[in-house]
Amino acid sequence: MRVNILGVTVDTYSMSETAEKIKLAVSAQRPIRVVTANPEIIYASQYNWALKNVINSADIITADGIGVVWAARQLGTQIEERVTGIDLVQSLFPIANAEKWRMYFLGGRPGIAEQAVKQVAEDYPGIVFHTSHGYFQPHEESGILKEICEFRPDVLLVGLGAPRQEFWLAEHPGLTFVGIGVGGSFDALAGTVRRAPKQFQDLHIEWLYRLLKEPWRWKRQTVLPRFLFKVLWQRLKS
Ligand code: UDP
């Protein structure tokens, strides 16, 4: 089931349901594209028709953040839990390990994706990895596409920043069975950016931790109240 939030149709899947859908796509060798839709990208898509199209044409659109879960509830649909990029990636690793998937990490500053792989491979030696950093020049892109094609990943994680990664995946179909835009997940996996402590996560105030650690991001975060207001407006209108 999907819920329309400011024109973006978000799936109501839980984390385990999302992971199961991805597992099925890989085993059926059926290409799918996954967008983890946070309030920022949903808000931006209202003013960017191409972005809205790219998101809505994805096969799975997850509720990335408590703000999106809240919005769905305001609009009359229950979503059990949020499905963020980093949490989704982490819940895929045990499956990938058991199924011996091939995973390609594209994105992050030079060295970060390799560092992330080093960390993950310790716990999941069954996964076959390949990486490329995300600061390539336009003329280097064809080389990266060739590398991905030759590697034949089951899952391609693209961490080029939103919304570039969403456009990039949509513009390059046929590279993988499952393509997911994962934002700064490689930084978190590599340990160069710390996730909020568990207490912040449990209270659903990771945004507050981020604001305290990286105050220069405050401008980005002003989107959240505007998103919430727009959702209430959508509710009133309907
Ligand atoms: N990034 C990249 N290439 C670029 C710009 C950014 O690989 O040209 C990476 C950056 O290193 C970081 C991620 O994109 O790992 C940040 O994405 P975003 O800010 O969307 O992630 P969020 O912090 O919202 O998860």
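Just so it is clear, the model here is predicted, and its values are computed rather than measured. Position 1 is the first residue of the sequence; numbering continues from there. Read the numbers this way: they start at 1 and go in the same order the structure lists the ligands and their atoms.
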Contact partition for E166 relative to ligand 1, non-hydrogen atoms under 4.0 Å: neither
re atom 20 (O) of ligand 1, the protein heavy-atom contact at minimum distance is A162 N, 2.9 Å
Using a 4.0 Å heavy-atom cut-off, say whether E214 meets ligand 1 through its side chain, its backbone, both or neither. neither
Among protein heavy atoms, which sits nearest to atom 9 (C) of ligand 1, and what does the distance come to when rounded to 0.1 Å? G159 O, 3.4 Å
One thing to verify: whether K146 and E141 come together as a salt bridge, which I'm taking to mean a side-chain N less than 4.0 angstrom from a carboxylate O. no
Ignoring angles and geometry beyond distance, decide whether V182 reaches within less than 3.5 Å of ligand 1 through its nitrogen or oxygen atoms. no
When you measure from the centre of the six-membered ring of F186, is the NZ or CZ of R195 under 6.0 Å away and within 45° of the axis? no
Counting C-beta onward and ignoring hydrogens, is there a side-chain heavy-atom pair between V26 and I95 closer than 4.5 Å? no
Is it the case that R30 places NZ or CZ above or below the six-membered ring of F177, under 6.0 angstrom from the centre and within 45 degrees of the axis? no
Identify the closest protein heavy atom to atom 24 (O) of ligand 1: which residue and atom is it, and at what distance? R220 NH2, 2.9 Å
Shortest protein contact, atom 23 (O) of ligand 1 (heavy atom only): R210 NH2, 2.6 Å
Protein contact of atom 8 (O) of ligand 1 - nearest heavy atom, named by residue and atom, plus distance: R164 NH1, 2.9 Å
Nearest-neighbour protein heavy atom for atom 18 (P) of ligand 1, which is reported as residue plus atom name and distance: G161 CA, 3.7 Å
Any non-hydrogen side-chain atom of Y209 less than 4.5 Å from a side-chain atom of I205? no
Among all the protein's non-hydrogen atoms, which is closest to atom 2 (C) of ligand 1, and how far away is it? Y135 CE1, 3.4 Å
Name the orientation class of the two ring planes belonging to H130 and Y104 (parallel below 30°, tilted from 30 to 60°, perpendicular beyond 60°). tilted
Out of curiosity, does M15 fall in the hydrophobic cluster containing I60 (side-chain heavy atoms, cut-off under 4.5 Å, transitive links)? yes
Strictly by modelled atom types, are D87 and T84 linked by a side-chain donor-acceptor pair under 3.5 Å? yes
So, regarding G183 and ligand 1 (criterion: nitrogen or oxygen to nitrogen or oxygen, under 3.5 Å), is there a contact or not? no
Would you say G107 has any N or O atom under 3.5 Å from an N or O of ligand 1, going by distance alone? no
Look at R33 together with D59 and state whether they make a salt bridge at an N to O cut-off of under 4.0 Å. no
Any idea which atoms of ligand 1 are less than 4.0 Å away from a heavy-atom of R217? 23 (O)
Aromatic ring pairing Y135/H133, orientation class (parallel under 30°, perpendicular over 60°, tilted between): parallel
Which of the numbered atoms in ligand 1 are below 4.0 angstrom from a heavy atom of R109? 11 (O)
Which residue and atom name correspond to the protein heavy atom nearest atom 12 (C) of ligand 1, and how close is it? D187 OD2, 3.3 Å
